[in-house]
Amino acid sequence: MPDRWTGLQPDERPYAGTAWFYAEYRDRPSSAFAELLARRLGWTRADRILDFGAGPAQVSLQLAPFVGEVIAMDPEPDMLAEGRKRAAAARVGNVSFVVGGSEELGSLIPDLGIVKGATISQTLHWVRDQDELLRDLDRLLDPDHGAVALIGFVKDPDPNRVWLDRPPWNLVEPILQRYLTGVPEGPHPRGRHDPFPDVLRRSAFAELELLTHGYESVIKPSADAAIGYHYTLSNVLARLGDRRPGFEAEARAALDGADSSPIRVHLVDSALVAKRRLS
């Protein structure tokens, strides 16, 4: 029987083994944006929210100071295990962890209880039936004020590509692709879903608003980060298999002597916020 919300078999888990790299090298919203989102949606320390498809809980940990409880839910147990470690290290005690995805959410609603809102980031494109997911969220979320926020809806610039597309860091990707030549790509939902605004508009959460926050940030490039980011991508570690040491050696050789000076960039955090229809 499939045991993942994408319907994948256990040996087809696209993010198996990626949890530490994901927590280290994937972008996350700033604390200022987390506070802005919570304030805009009226979330307080009295409220509980769901972080659906939470991965290693990067977004959960950013939102935790502004709400009473964050339920971090993900189908990959390794991701949640990493999230628990990070929460413990940060002494964050109001994040709980639930293994499961869209296929399990409906049956878990009685146990989860009513929540004030839900965040979804880097996840919705993996859900096979997005309309059903939103119907389940309609049952789960506060009937008067519940809202869904798609975190990272706009990536302009992409916080990772803003430096990985620059020489010499852009040498890593073609080296990786060469090592993956002839290896099946693995499961991916590419191109199978409607635009997210269209999906939301036909749900109970049809009132849409784009929330953004621009700020200056400093990125510290390194060979570890350049390689590690690529390990956060679906199926990459599984596809590399025993080719991984060779890839890493060649990538590090290509980056030997690269300028690792901090790069100052302007970033934009964003969320497509979907509220219930006004009566």
Side-chain angles (χ1 to χ4, degrees), residues 13-30 33 53 55-56 58-59 62 76 79 82 121-126 150-193 195-196 212-271:
R13 293 153 50 198
Y15 292 98
T18 69
W20 184 88
F21 297 103
Y22 209 101
E24 284 290 310
Y25 300 123
R26 275 295 181 106
D27 61 287
R28 68 207 65 197
S30 62
F33 182 73
Q58 309 106 302
V59 174
Q62 294 294 74
E76 177 55 65
M79 287 285 193
E82 185 66 30
S121 53
Q122 315 295 330
T123 298
L124 191 55
H125 59 297
W126 280 99
L150 303 188
I151 306 293
F153 180 72
V154 174
K155 288 187 176 294
D156 187 16
D158 184 304
N160 296 111
R161 306 309 315 187
V162 74
W163 69 279
L164 285 170
D165 286 341
R166 299 185 184 190
W169 312 106
N170 61 351
L171 296 174
V172 174
E173 186 164 359
I175 294 171
L176 174 63
Q177 292 307 318
R178 183 156 43 79
Y179 274 81
L180 296 179
T181 299
V183 183
E185 289 191 2
H188 194 280
R190 189 178 295 109
R192 75 179 182 203
H193 58 76
F196 294 156
T212 61
H213 169 68
Y215 60 102
E216 299 301 312
S217 184
V218 174
I219 292 174
K220 298 179 180 179
S222 69
D224 284 346
I227 293 169
Y229 169 75
H230 287 88
Y231 288 166
T232 74
L233 304 177
S234 61
N235 306 300
V236 165
L237 281 176
R239 293 175 68 201
L240 273 175
D242 58 10
R243 303 181 186 188
R244 178 176 166 182
F247 159 67
E248 289 192 13
E250 187 169 338
R252 292 185 187 281
L255 297 175
D256 185 38
D259 182 2
S260 296
S261 301
I263 300 172
R264 183 169 293 276
V265 295
H266 181 79
L267 298 180
V268 178
D269 289 333
S270 68

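Pairing each heavy atom of S222 with each of W163, the nearest pair is O-CH2, 3.8 Å. Closest non-hydrogen pair, R252 versus I227, comes out as CG-CD1, 3.7 Å. Contact between N170 and D165 at its shortest, heavy atoms only, is ND2-O, 3.6 Å. Taking every heavy atom of both residues into account, H213 and S30 meet most closely at CD2-OG, 3.7 Å. The two atoms that bring I175 and A254 nearest to each other are CD1-CB, 3.8 Å, heavy atoms only.
In this model, a donor atom of one side chain and an acceptor atom of the other lie less than 3.5 Å apart for E250 and Y179. For the residue pair Y229 and W169, no side-chain donor N or O sits within less than 3.5 Å of a side-chain acceptor on the partner.
Residue E185 holds its CD atom at 8.5 Å from CG of N235, rounded to the nearest 0.5 Å. Here CZ of F33 is found 7.5 Å from OG1 of T212. Values are rounded to the nearest 0.5 Å.
A salt bridge does not link R28 with D269: every distance from a Lys NZ or Arg NE/NH1/NH2 to an Asp or Glu carboxylate oxygen is 4.0 Å or more. Ion pairing between a basic and an acidic side chain is recognised when a charged N comes within 4.0 Å of a carboxylate O; E173 and R161 show such pairing.
Remark: H230 engages no residue in a ring pair (Phe, Tyr, Trp, His ring centres under 6.0 Å) (not counting sequence neighbours). For F21, the ring pair (Phe, Tyr, Trp, His ring centres under 6.0 Å) test picks out Y231, with sequence neighbours left out. Judged as a ring pair (Phe, Tyr, Trp, His ring centres under 6.0 Å), and not counting sequence neighbours, the contacts of F196 are H193.
At distances below 3.5 Å, at least one donor-acceptor pair connects side-chain atoms of Q62 with backbone N or O atoms of P29.
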